[in-house]
Amino acid sequence: WPSVEPLSRPFPGRGNGWSVQEGAMSDGERQVAVSFHLALMTAVCLDMLGAEGPVITEGPFARNPLYLAMLAAACARG
C-alpha cells in the first residue's frame, strides 16, 4: 500500500503494507515490487510538482533497471 509514513505526502493518512504476505514472496519478487512502487511514487511526486522535461536519475536508482523502466513508463506522456 502506498504510504510508508502516514503523515507525509503524497498519500497522507493512508496505511502501508503488502497486498500479499511479504514472506511468501521470493527476494526477486520483493525487489520488483519495491522497485516498481518507488518508481510509481516518484512519478506521482513529479506530477504533483508539475515537473516537465527529462528526468535525471542518480545514485542507486540509476543502477536499478526495474526502477528506471517503470519510471519511464509512468512518466510517459501519450
Side-chain angles (χ1 to χ4, degrees):
W1 308 122
S3 290
V4 173
E5 168 51 53
L7 299 178
S8 68
R9 299 268 178 204
F11 300 106
R14 301 297 280 278
N16 62 44
W18 295 88
S19 60
V20 298
Q21 289 285 18
E22 182 181 0
M25 294 185 291
S26 70
D27 289 343
E29 290 170 326
R30 218 171 7 266
Q31 181 178 355
V32 170
V34 169
S35 296
F36 282 10
H37 172 77
L38 292 172
L40 292 170
M41 293 295 282
T42 301
V44 167
C45 290
L46 289 170
D47 188 57
M48 289 174 68
L49 292 168
E52 296 180 10
V55 175
I56 298 171
T57 308
E58 62 182 15
F61 286 137
R63 295 187 300 273
N64 183 333
L66 297 168
Y67 172 86
L68 295 173
M70 180 55 82
L71 183 60
C75 290
R77 306 278 183 207

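The residues of the chain are indexed from 1 along the displayed sequence. Computed from a predicted model, the values in this text were never measured in an experiment.
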Please tell me whether [X] and [Y] are part of a single hydrophobic cluster in this structure, the criterion being side-chain heavy atoms less than 4.5 Å apart.
X     : Y     : value
Leu46 : Tyr67 : yes
Val55 : Leu49 : no
Phe36 : Val34 : no

ask   = Checking side chain to side chain contact (heavy atoms under 4.5 Å, CB included) against Leu71, which of Thr57, Leu40, Leu66 comes through?
value = Thr57
request  = Could you grab the distance from atom CD of Glu52 to atom CG of Asp47, nearest 0.5 Å is fine?
outcome  = 10.5 Å
inquiry  = I need the Asn64 CG to Leu38 CG distance, nearest 0.5 Å.
reply    =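 It comes to 8.5 Å.
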task = Over all heavy atoms of both residues, which pair between Glu29 and Ala24 is shortest? Give the atoms and the distance, please.
result = OE1-O, 4.3 Å
request  = Write down the atom of Met25, the atom of Arg30, and the distance for their closest heavy-atom approach.
outcome  =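 Looking at all heavy atoms of both residues, the shortest contact is O-NH1, 3.0 Å.
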